Amino acid sequence: NVALAALLVWCTHRFCRAGWPDRPELTIGVPMLAAFMPFDAWYAVNGDAFGPLLGVASLLATLTWYRQTDPALLHTVAVAVLASASVLLKYSHVAIFGVFVVMAVWKASRTAGSGRARVAWSVGIGVLVAAAPIAALLVRNYLLFGDLTATSGKVEHLGWRRHALAELVEHPVFTPA
């Protein structure tokens, strides 16, 4: 797991250096924060161990892809697969998929000139490639378990229930002290 932690720190450094090249405090500080975070979950090989690494790698790949003027279709598909794999590993990484989709649509709309159609085609295929495995998983979960995230059994076992909005507002966090 030391190799995974070192790879996470390196990817975090690369992401910060690519995203904010004029901010050395970020290119040093954020990887240091990643290096000293508690790695209790890393003692077992599960989704929690690979989640941070795959998340940072997806964001780094999306950023470098976005900055290319005319990315190849294969590169677009590779970034899409990485974003999709991140969501398939951990549902909470849906924001990374969202970042990819927003940046892809933004890239397609901002591209000018003769390459606009090619970039739009590449982006469309990339978004479809990224969305297809996620949609397949959600459909599978719905067919097998009755809900999209396959957590209804856990919710029922734990005795959780949905609250009305009025009940949520009455929570101590939202009431004056």
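One-based numbering along the sequence shown. Just so it is clear, the structure is predicted and the values come from calculations on it, not from any experiment. FYI, side chains are in, hydrogens and waters are out, and symmetry mates aren't considered; it's all heavy atoms of this structure.
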Side chain proximity check, K107 to P71, heavy atoms < 4.5 angstrom: yes
Quick one: are H75 and V79 in side-chain contact, heavy atoms under 4.5 Å? yes
Any chance you could measure H93, atom NE2, to L59, atom CG, to the nearest 0.5 Å? 9.0 Å
Rounded to the nearest 0.5 Å, the CG atom of L88 sits from the CG atom of L137 at a distance of 6.0 Å
Can any side-chain N or O of N141 pair as donor or acceptor with the backbone N or O of F145 at less than 3.5 Å? no
Do I96 and V87 come within less than 4.5 Å of each other through their side chains, counting heavy atoms only? no
Please say whether more than 12 non-hydrogen atoms of neighbouring residues, nucleotides or ligands are located less than 6.0 Å from CG in L74. no
Measure the spacing between OG of S109 and CZ of R116 and express it to the nearest 0.5 Å. 7.0 Å
For E167, I'd like to know if atom CD has over 12 heavy atoms of other residues, nucleotides or ligands within 6.0 Å. yes
Quick one: CG on L128 to OG on S84, what's the gap to the nearest 0.5 Å? 11.5 Å
Under a 3.5 Å distance rule, please check whether S58 uses its side chain to pair with a backbone N or O of L82 as donor and acceptor. yes
Atom pair OH/CH2 of Y66 and W106 - distance to nearest 0.5 Å: 6.5 Å
Sub-4.5 Å side-chain heavy-atom contact between V56 and L8: yes
Between F15 and W20 (judged by ring centroids, cut-off 6.0 Å), do the two rings come close enough to count as a pair? yes
